[in-house]
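Input: a single structure, listed below in structure tokens.
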Amino acid sequence: MNIHGIRAIYRFEMARTFRTLMQSIASPVLSTSLYFIVFGAAIGSRMGEIDGTSYGAFIIPGLIMLSLLGESISNASFGIYMPKWAGTIYELLSAPVSWVEVVIGYVGAAATKSVMLGLLILVTARFFVAYEIAHPIWMFGFLVLTSVTFSLFGFIIGLWADDFQKLQVVPLMVITPLTFLGGAFYSISMLPPLWQKITLFNPVVYLISGFRWSFYGHADVHIAVSTGMTLGFLVFCLGIVWWIFRSGWKLRN
């Protein structure tokens with residue numbers, strides 16, 4: 001394992017983040033703060049409790065997941081696509097690093113950015129809504145696991161994309177709708193019985209449910225099922241990446 005190579009890729013990606021703090025960190029935090037102002041302070045104060053939790057506090061896990069999924073995918077996909085687009089990918093190809101080390105470097109950096117963003121949003125939420133975290137270790141574990149999983153998914157999108165439009169298709173057309181329909185702003189128990197069953201086919205439901213359980217100790221889906229589904233998606237993404245590179249696919253493509 002070329003640790004120096006992994007560190008070089010990781011530090012390069014993190015340096016790019018700190019050079020673009022407004023776009024990488026400040027913008028998502030500001031956007032999520034507006035959700036807290038509108039849904040938490042304005043609308044939430046006029047709504048009743050959900051499962052014994054005020055509405056403003058109830059939506060915190062969903063809003064964090066909404067930002068986390070989109071940013072994880074965008075960070076990882078953009079990180080690997082830009083060298084392909086700019087032609088600097090040949091510098092990486094000529095370096096003594098394997099595809100495993102490339103994946104670890106890029107996905108690790110993207111996941112780190114997402115975890116930082118999630119924690120910043122969590123701190124920002126305190127200015128608008130009072131909340132408690134019942135299981136902080138589980139909360140952080142879900143944060144890291146989700147960041148790694150969707151950063152890996154974003155890396156796959158970056159490998160597949162051959163123009164900037166394709167980088168945005170999956171986050172905007174798939175992930176964002178699934179998050180809104182996955183219980184980010186409501187409990188799926190509030191839906192009619194038929195729609196509750198249909199919603200369970202949405203994989204984001206399990207992410208939000210498990211994350212919400214770590215905050216308040218209650219969720220729409222059992223914590224074991226949520227954890228298993230998240231780990232399953234991680235293994236699936238790892239399998240896709242392994243298949244891509246083992247099948248002879250090259251980064252320069």
Do L194 and M190 share a hydrophobic cluster (ILVMFWY, side-chain heavy atoms under 4.5 Å, transitive)? yes
Start with the C-alpha distance between L200 and V221, add both sets of side-chain angles, then the distance that settles side-chain contact (heavy atoms from CB on, under 4.5 Å), and finish with yes or no. CA-CA 9 Å; L200 292 177; V221 182; 4.1 Å; yes
How about H135 and W213: are their ring centroids closer than 6.0 Å? yes
Are any non-hydrogen side-chain atoms of Y81 and I157 less than 4.5 angstrom apart? no
Sidechain-backbone polar pair: S77 side chain, G158 backbone, donor-acceptor under 3.5 Å: no
Rounded to the nearest 0.5 angstrom, the CE-CD1 distance for M65 and I121 is 11.0 Å
As an exercise, state the distance from CZ of F211 to CD1 of I60, rounded to the nearest 0.5 Å. 10.0 Å
Is it true that a side-chain atom of R212 and a backbone atom of G183 form a donor plus acceptor pair closer than 3.5 Å? yes
Using a distance-only test with no angle check, is there a side-chain donor-acceptor pair under 3.5 angstrom linking Y206 and T227? no
Which one of L143, L117, V115, L207 satisfies the side-chain contact (heavy atoms from CB on, under 4.5 Å) criterion with L68? L143
Looking only at heavy atoms, the pair that brings T179 and V204 closest together is CA-CG1, 3.8 Å
For F140, I'd like to know if atom CZ has over 12 heavy atoms of other residues, nucleotides or ligands within 6.0 Å. no
Measure the OG-NE2 distance between S209 and H222 for me, rounded to the nearest 0.5 Å. 10.0 Å
For side-chain contact (heavy atoms from CB on, under 4.5 Å), just list the numbers for I156 and C237, CA-CA rounded to whole Å, side-chain angles, deciding distance to a tenth of an Å, and then say yes or no. CA-CA 8 Å; I156 295 171; C237 290; 4.2 Å; yes
Grouping I, L, V, M, F, W and Y whenever their side-chain heavy atoms are under 4.5 Å apart, do W99 and F12 come out in a common cluster? no
Shared hydrophobic cluster for F201 and V225 (ILVMFWY, side-chain gaps under 4.5 Å): no
If hydrophobic clusters are built by linking Ile, Leu, Val, Met, Phe, Trp and Tyr wherever their side-chain heavy atoms come under 4.5 Å apart, do I137 and I64 end up in the same one? no
Please check if the side chain of Y10 supplies one atom and the backbone of V107 the other of a donor-acceptor pair under 3.5 Å. no
When you look at CZ of R126, are more than 12 heavy atoms from neighbouring residues, nucleotides or ligands closer to it than 6.0 Å? yes
Which atom pair, heavy atoms only, marks the closest approach of S151 to A76? O-CB, 2.9 Å
Pairing donors with acceptors under 3.5 angstrom, does anything connect the side chains of S187 and D220? yes
Would you name the heavy atoms of S226 and T230 that are closest together and state the gap between them? O-OG1, 2.8 Å
Show the numbers, then the answer: is there a side-chain contact (heavy atoms from CB on, under 4.5 Å) between M14 and K113? CA-CA 8 Å; M14 292 304 296; K113 301 173 198 175; 4.0 Å; yes
Is V174 reachable from F155 through a run of I, L, V, M, F, W or Y residues, each pair having side-chain heavy atoms under 4.5 Å apart? yes
To the nearest 0.5 Å, what is the distance between CD1 on I6 and CD1 on I104? 4.0 Å
Determine whether a donor-acceptor pair (N or O, by modelled atom type, separation under 3.5 Å) exists between the side chain of Y131 and the backbone of L122. yes
Test log, rule side-chain contact (heavy atoms from CB on, under 4.5 Å), inputs F185 and L63: CA-CA 8 Å; F185 296 97; L63 287 177; 3.6 Å; yes
Where Q196 and I188 come nearest, the two heavy atoms and their spacing: CG-O, 3.1 Å
Side-chain heavy-atom pair V241, F236 within 4.5 angstrom cut-off: no
Between F233 and F150, ring centroids under 6.0 Å: yes
Between CG on residue L191 and OG1 on residue T199, distance to nearest 0.5 Å: 5.0 Å
Verify the neighbour count for atom OH of Y186: are there more than 12 heavy atoms of other residues, nucleotides or ligands below 6.0 Å? yes
Can a donor-acceptor pair be found between the side chains of S72 and S114 at a distance below 3.5 Å? yes
Spacing of CH2 belonging to W195 relative to CG belonging to L181, to within rounding of 0.5 Å: 9.0 Å
What I'd like to find out is whether the side chain of I175 reaches to under 4.5 Å of the side chain of F153, using heavy atoms alone. yes
I need the minimum non-hydrogen distance between T149 and L145, along with the two atoms involved. OG1-O, 2.7 Å
Closest heavy-atom pair, V102 versus I9, reported as atoms and distance to 0.1 Å, is CA-CD1, 4.0 Å
